[in-house]
Amino acid sequence: MRMLIIEDERALAEAIADGLAAEGFVAHVAPDGADGLWQALHEPYDVIMLDIMLPSLSGYEVLKRLRAARVWTPVLMLTAKDGEYDEADALDLGADDYLSKPFSYVVLVAHLRALLRRGAPARPAVLTVDDLTLDPARRRCRRGHRDIDLTAREFTLLEYLLRHPDEVISKTDILSHVWDEHFDGDTNIVEVYVGYLRRKIDTPFDRRTIETVRGAGYRLRGGTR
């Protein structure tokens, strides 16, 4: 398994790389954002570990450019301790998981293996259902010829639903992928945000794109009125 560690704390990065070698990984280290971005764009990796605070380019900027370039390699973002906003921003920009510093090496390996099991399925450049389109790279949503303004969380929720058209998605799955697997707040937050989306993408257009499947979750369908 090929892994890229983008981390400016050299001692930490090298210690992780040495440990992962014993786990069967081939780990490459990039000491700053610019170098890490170049390697991630030009070399194939199975997973990327990306720190937020980096010289030259921040982890946020590296992640944003990777996703804009259609590089969907799973990314584990390293965030500050108690950095709730760091975690939210990382996930909204396209990170697949996050880990707060300081972290246990055993937990790190578990997160990496979980990402590898999920893999990096191909993601289309523009997601479309009926006349609703979502462009993740340009952060743009349209219905017909009208632009729709979405918050970061609304955008991420709609993107997740659009990647699973006609599938029933449970609240648990939505919380895990749109918020994160460690979310321990009120699960009704999903209903709240589904309501926000409906008022923006459905109600003004007399559509019912997002339907509730009682006792199971939600389904995004196209062409329904």
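Side-chain atoms are counted along with the backbone in the values below, which use heavy atoms only and exclude waters and symmetry mates.
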Show your working on side-chain contact (heavy atoms from CB on, under 4.5 Å) between Leu63 and Ser58 and close with a plain yes or no.
CA-CA 9 Å; Leu63 180 60; Ser58 72; over 6 Å; no
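- Salt-bridge annotation for Arg143 and Asp131: present, with a side-chain N of the basic residue lying under 4.0 Å from a carboxylate O of the acidic one.
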From CA spacing to verdict: salt bridge (Lys or Arg N to Asp or Glu O under 4.0 Å), Arg67, Asp96:
CA-CA 12 Å; Arg67 296 317 190 215; Asp96 299 274; 2.9 Å; yes
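- Considering all non-hydrogen atoms of both residues, Val168 and Ala216 come closest at CG1-CB, 3.7 Å.
- Between Arg117 atom CZ and Leu112 atom CG the span is 10.5 Å, to the nearest 0.5 Å.
- One finds the CG atom of Leu127 at 9.5 Å from the CG atom of Leu132 (value rounded to the nearest 0.5 Å).
- Scanning both residues, Ala40 and Ile48, for their nearest heavy atoms gives CB-CD1, 3.8 Å.
- Two residues are said to be in side-chain contact when any heavy atoms from C-beta on lie closer than 4.5 Å; Arg153 and Leu157 fail this criterion.
- Between Glu9 and Lys101 the shortest side-chain heavy-atom distance falls below 4.5 Å.
- Residues Tyr105 and Leu115 fall within the same hydrophobic cluster, defined by Ile, Leu, Val, Met, Phe, Trp and Tyr side chains chained together at heavy-atom separations under 4.5 Å.
- Rounding to the nearest 0.5 Å places OG1 of Thr128 at 11.5 Å from CZ of Arg142.
- Of the inter-residue distances, the one linking Leu37 atom CG with Leu57 atom CG reads 6.5 Å to the nearest 0.5 angstrom.
- Residues Tyr218 and Val213 do not share a hydrophobic cluster, clusters being chains of Ile/Leu/Val/Met/Phe/Trp/Tyr side chains in contact below 4.5 Å.
- Atom CG of Asp149 sits in a sparse spot, with 12 or fewer heavy atoms from other residues, nucleotides or ligands closer than 6.0 Å.
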Test log, rule side-chain contact (heavy atoms from CB on, under 4.5 Å), inputs Leu158 and Leu220
CA-CA 9 Å; Leu158 181 57; Leu220 187 142; 3.9 Å; yes
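- A continuous path of Ile, Leu, Val, Met, Phe, Trp and Tyr side chains, each step under 4.5 Å between heavy atoms, connects Val192 with Ile169, placing both in one hydrophobic cluster.
- Using cut-offs of 30° and 60° on the angle between ring planes, the pair Tyr193 and Tyr196 is perpendicular.
- Leu20 and Val107 fall within a single hydrophobic cluster, where Ile, Leu, Val, Met, Phe, Trp and Tyr are joined by side-chain heavy atoms under 4.5 Å apart, directly or via other members.
- The shortest distance between side-chain heavy atoms of Glu7 and Ile16 does not fall below 4.5 Å.
- Ile6 and Leu41 fall within the same hydrophobic cluster, where Ile, Leu, Val, Met, Phe, Trp and Tyr residues are linked whenever their side-chain heavy atoms come under 4.5 Å apart, directly or through other members.
- Thr212 and Arg198 share a side-chain donor-acceptor pair at under 3.5 Å.
- Counting non-hydrogen atoms of other residues, nucleotides and ligands closer than 6.0 Å to NZ of Lys171 gives a total above 12.
- A centroid separation of 6.0 Å or more is found between the aromatic rings of His111 and Phe103.
- Closest non-hydrogen pair, Pro31 versus Pro55, comes out as O-CD, 3.9 Å.
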Verdict with supporting geometry, Leu162 and Val129, side-chain contact (heavy atoms from CB on, under 4.5 Å)
CA-CA 7 Å; Leu162 280 167; Val129 167; 3.5 Å; yes
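- With hydrogens and angles disregarded, no donor-acceptor distance shorter than 3.5 Å links the side chain of Asn188 to the backbone of Glu191.
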Stepwise, does the side-chain contact (heavy atoms from CB on, under 4.5 Å) test hold for Asp130 with Arg207?
CA-CA 10 Å; Asp130 196 16; Arg207 301 296 178 90; 2.6 Å; yes
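- Arg140 contributes atom CZ, which lies 11.0 Å from atom CZ of Phe155 (distance to the nearest 0.5 angstrom).
- Here the closest non-hydrogen pair linking Met77 and Ala95 is CB-CB, 4.2 Å.
- Distance check: Ile148 CD1 to Asp202 CG gives 8.5 Å after rounding to the nearest 0.5 Å.
- Across all their heavy atoms, Ala34 and Ser56 have their closest contact at N-OG, 3.0 Å.
- A distance-only check finds a donor-acceptor pair linking the side chain of Asp46 to the backbone of Arg2 [under 3.5 Å].
- Side-chain atoms of Glu43 and His28, non-hydrogen and from C-beta on, never get closer than 4.5 Å to each other.
- Residues Tyr160 and Asp173 meet the side-chain proximity criterion, which asks for heavy atoms closer than 4.5 Å.
- Across all their heavy atoms, Cys141 and Leu134 have their closest contact at CB-CD1, 3.6 Å.
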